Asks: 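Quick one: the structure is below, questions incoming.
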Amino acid sequence: MTSSSNFEHGEAIAIAIGGSGTALVGRSGATIVTSDAFAAIGDVESAVSPRWVWWSKETATEFVRSGIRPLRCWDLAAVHRLLEGGWRGDPGRVWALRRGLDPGDAPPRRGNVDLFTVVDDPDRPVLGTGHLHPEWAHGSWRGDVDRTRRWAELALDVQRWQAETLARLADHPTALTTARSESAAELLCAELETDGLPLDRAEAERIIATFIGDRPLDAADERRATAERDERVLLHLGAASREGIDLRNPASVKSLLRRVGIEVDDTRAWRLERRRGDHPIVDAILDWRRAERIATTFGYRWLDQHVGDDDRLRGTWSASDGAAGRMTATAGLHNLPAELRPAIAAEAGHVFVRADLGQIEPRILAAVSGDAALAAATAQHDMYAPVAAELGVEREVAKVAVLGAMYGQTTGHGAAARRELERAYPVAMDYLTRAARRAEGGNDLRTHGGRLVRMSTSGPLGAGTDEGRTRAAARGRYGRNALVQGAAAEFFKTWAAVVRARIAPAQIVLCLHDELLVHTPAHLGSVTAGAVDAALTEAAVHWTGGRPTVRFVADTAVVDRWSDAC
DNA sequence: TGCGGCTATTG
DNA sequence: CACAATAGCCGCAG
């Protein structure tokens, strides 16, 4: 039996789960070292509900797999990504930043130790240079219980430094809040990976079959089916002109089209779409492309690789990847073709609560730029309606103009609407323009919530040449969009974290940039939907640091299948 | 075998 | 066909 009575309610407790023991070290100084990790964790969680401090999602996954779903955490790797940008968060880098060192100077792990090697003391985690001992960074802290305790103490040290650093971050007063929600998102990713997304396998197979036929019996059968699909395109050509045509090679498709009198710059679907009437082979190619996509990416192989015996679709989740810190997922979880979505179905006796944020990016722009006029427009469920009225244009024109402004669009016929935007919402437009200008010059940016968007390490700047100007303009669009998309991602994760905390026993099973899918017992459907909506208001308070200036809206529905409308 | 180009899907 | 992502196949360089 372990004793959690020495810990204080809600305090930060660092945890390191080693091979010969687990260490819990509280901010108050209370410490538990135990060989029964999960009894201790469960005990402490229910007794004092701490903010668990761990080095990375690995530990979160160990919690989840042991059936423990803690309320609060602090993920050093996730917070490191917030402070430093990018996707890396290994202990060596996290520690180097805490000590103000260049992570590139950290020594590599020793390969072959010879007579002349100076062996660092394996019991000391920090080298004379201040860098983390490479063996510790690689996991040697697991092997010895004293080292495991030391590893937890180091985590607590880094956590304090990260929190102080975020609290001092000028112009980003909500950065500490962001650190907590980013940590929660990382924990949520561990849960998403463990739980998976419920899938109706029979329905999935039925849909796949409509594109590429029944499941092939063997490799030869699969080759035969492939050849038959190819044939349905090639039969439109004469025996001579079909020689050497490879439908999987765009250049070959281009020459195929030339043989039937169709000249195109490239063979993208939207271009071919316009030439449908020119020759029946165009239709055949477009059908072939759709089937080929299912066959290669979302077919029986995909099903076998990513759907478990429990009929759950699983992929790898990242809480903040890429430019602006959006969540990403593999295994098709973020780009599943609409045709396959009817296969995502709640289990028997369960329903989904599906919730979509409405017009999240322009609402976020209104909030982060502090544009009172644009913020006023967010009072409407459809904020493009008042914007269109203000600009004196059709709703669709207003929408394209606003999106174009956020993406940095330079072409198109929205020039007049663009000038009206500058007049009506100068504060928001200035926010975007300043972000673009700074990014063009290669200056790093930070999102509203404090995430660093690195512009300084993305290659040569260049300005004098055409190519240099093109690259600078691309950087400008990238930076301009990153501040909106990144802040939207932070808001979404805040919402997801609040939902997660409020919906037990329901579970979030999918996060998709502005959409949540929650799996819940059928009798709790409407209760859960209500909690998801209420969480939006709560998230807005958290994300703004207490004073929401814009209204956020969600469309929420209780459905059986993902494809069912909100 | 690794990488850039092309293509598809999604928000 | 702007901004972001994952992922497949092809051709080509090493």
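Computed over heavy atoms, backbone and side chain alike; hydrogens, waters and symmetry mates excluded. Please read all numbers here as calculations on a predicted model, not as lab measurements.
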Asks: Using 30° and 60° as the class limits, which term best fits the ring planes of A:Trp302 and A:His306: parallel, tilted or perpendicular?
Replies: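 Tilted: the ring planes of A:Trp302 and A:His306 meet at 30° to 60°.
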Asks: Nearest whole angstrom, please: distance from the P of B:dG11 to the CG of A:Asn481.
Replies: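 Whole-Å distance recorded here is 16 Å.
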Asks: Would you please confirm or rule out a distance under 4.0 Å between OP1 or OP2 of C:dG11 and any side-chain N or O of A:Asn249?
Replies: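 Yes, because at least one side-chain N or O of A:Asn249 sits under 4.0 Å from OP1 or OP2 of C:dG11.
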Asks: Check whether any side-chain nitrogen or oxygen of A:Arg477 sits under 4.0 Å from OP1 or OP2 of C:dC3, and answer yes or no.
Replies: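 Answer is yes, contact under 4.0 Å.
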Asks: Check every atom of C:dC10, C:dC3, C:dT6 against the side chain of A:Asp321 and return the nucleotide holding the closest atom.
Replies: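 Among the listed nucleotides, the one closest to the side chain of A:Asp321 is C:dT6.
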Asks: OP1 or OP2 of B:dG11 sitting under 4.0 Å from any side-chain N/O of A:Arg341?
Replies: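 Result: yes.
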Asks: How is A:Arg289 classified with respect to the nucleic acid when contacts are heavy atoms under 4.0 Å: base, sugar-phosphate, or nothing?
Replies: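 Since only primed, P, OP1 and OP2 atoms lie under 4.0 Å of A:Arg289, the category is sugar-phosphate.
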Asks: Using a cut-off of 4.0 Å on non-hydrogen atoms, how would the nucleic acid contact of A:Ala251 be classed: base, sugar-phosphate, or nothing?
Replies: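 Answer is nothing: A:Ala251 stays at 4.0 Å or more from every strand.
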Asks: Any idea which of C:dA4, C:dA2, B:dT10 is nearest the A:Ala338 side chain?
Replies: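 For the A:Ala338 side chain, the nearest candidate turns out to be B:dT10.
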Asks: Across the strands shown, which category fits A:Gly408 at heavy-atom distances under 4.0 angstrom: base, sugar-phosphate, nothing?
Replies: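 Nothing, no heavy atom under 4.0 Å.
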Asks: What nucleic acid atoms does A:Ser252 come within less than 4.0 Å of, heavy atoms only: base, sugar-phosphate, or nothing?
Replies: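 Since no nucleic acid heavy atom lies under 4.0 Å of A:Ser252, the category is nothing.
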Asks: For A:Arg314 and C:dT6, give me the distance from atom CZ to atom P, rounded to whole Å.
Replies: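 It works out to 21 Å between those atoms.
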Asks: Is A:Phe298 touching bases, backbone alone, or none of the nucleic acid, heavy atoms closer than 4.0 Å?
Replies: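 Nothing, no nucleic acid heavy atom in range.
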Asks: Whole angstrom is fine here: how far is it from CZ in A:Arg326 over to C1' in B:dT10?
Replies: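 Going from A:Arg326 (CZ) to B:dT10 (C1'), I get 10 Å.
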Asks: Report the nucleotide, chosen from B:dT9, B:dT7, C:dA4, that has the shortest atom-to-atom distance to any side-chain atom of A:Pro337.
Replies: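 When the side chain of A:Pro337 is considered, B:dT9 is the closest of B:dT9, B:dT7, C:dA4.
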Asks: Would one find a side-chain N or O of A:Arg293 under 4.0 angstrom from OP1 or OP2 of B:dT9?
Replies: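 Answer is no, no contact under 4.0 Å.
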Asks: Remember a base hit wins even if backbone is also touched, and classify A:Ala324 as base, sugar-phosphate or nothing at under 4.0 Å, heavy atoms.
Replies: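 If one applies the 4.0 Å heavy-atom cut-off, A:Ala324 turns out to touch nothing in the nucleic acid.
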Asks: Within the 4.0 Å heavy-atom criterion, would you say A:Ala269 contacts the bases, only the backbone, or no part of the nucleic acid?
Replies: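 Sugar-phosphate: the residue A:Ala269, judged by heavy atoms under 4.0 Å, touches backbone atoms but no base.
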Asks: What is the distance from CG of A:Asp266 to C1' of C:dC10, rounded to the nearest Å?
Replies: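 Taking CG of A:Asp266 and C1' of C:dC10, I get 16 Å after rounding.
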Asks: Expressed as a whole number of angstroms, how long is the span from A:Arg268:CZ to C:dA2:P?
Replies: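 The answer, rounded to whole Å, is 9 Å.
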Asks: Between CG of A:Leu517 and CZ of A:Arg341, what distance do you get to the nearest 0.5 Å?
Replies: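 Spacing of CG (A:Leu517) from CZ (A:Arg341) equals 10.0 Å.
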Asks: Nearest 0.5 Å, please: how far is CG in A:Asn481 from CD in A:Glu361?
Replies: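 Result: 6.0 Å between the selected atoms.
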Asks: Do A:Arg446 and A:Leu169 have side-chain heavy atoms sitting under 4.5 Å apart?
Replies: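 The answer is yes; the side chains approach within 4.5 Å.
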Asks: Would A:Leu187 and A:Val64 count as a side chain to side chain contact (heavy atoms under 4.5 Å, CB included) here? Give the steps.
Replies: CA-CA 9 Å; A:Leu187 170 57; A:Val64 174; 4.1 Å; yes
Asks: Round to the nearest Å and state the distance from A:Ile245 atom CD1 to C:dC10 atom P.
Replies: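 Going from CD1 in A:Ile245 over to P in C:dC10 covers 15 Å.
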Asks: The side chain of A:Arg248 is closest to which nucleotide in this list: C:dC10, B:dT10, B:dG11?
Replies: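 Between C:dC10, B:dT10, B:dG11, the one nearest the side chain of A:Arg248 would be C:dC10.
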Asks: Could you state the atom-to-atom distance from CG of A:Leu247 to C1' of C:dC9 in whole Å?
Replies: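 Going from A:Leu247 (CG) to C:dC9 (C1'), I get 13 Å.
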Asks: Would you indicate which nucleotide in B:dT7, B:dT10, C:dA5 comes nearest to any side-chain atom of A:Ala323?
Replies: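 Between B:dT7, B:dT10, C:dA5, the one nearest the side chain of A:Ala323 would be C:dA5.
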Asks: Parallel, tilted or perpendicular: which fits the ring planes of A:Phe552 and A:Phe491, with parallel below 30° and perpendicular above 60°?
Replies: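 Parallel, since the angle between the ring planes stays under 30°.
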Asks: Remember a base hit wins even if backbone is also touched, and classify A:Leu336 as base, sugar-phosphate or nothing at under 4.0 Å, heavy atoms.
Replies: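 Sugar-phosphate, no base atom in range.
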Asks: Do A:Leu483 and A:Val368 have side chains that approach each other closer than 4.5 Å (heavy atoms only, starting at C-beta)?
Replies: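 No, their side chains stay 4.5 Å or more apart.
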Asks: Using heavy-atom distances to pick each residue's nearest nucleotide on DNA chain C, tell me which of A:Arg274 and A:Thr296 is more 5'.
Replies: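 That would be A:Arg274.
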Asks: So what does A:Ala489 hit on the nucleic acid, given a heavy-atom distance under 4.0 Å: a base, only sugar-phosphate, or nothing?
Replies: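 A:Ala489: no heavy atom of the nucleic acid under 4.0 Å.
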Asks: Taking only N and O in the side chain of A:Thr297, is any of them less than 4.0 Å away from OP1 or OP2 of B:dT9?
Replies: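 No.
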Asks: Starting at CH2 of A:Trp87 and ending at P of C:dA5, how long is that distance when rounded to a whole Å?
Replies: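 It is 14 Å, rounded to the nearest whole Å.
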Asks: Go through C:dG8, C:dT6, C:dC1 for me and flag the one nearest to the A:Thr330 side chain.
Replies: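 Nearest listed nucleotide: C:dT6.
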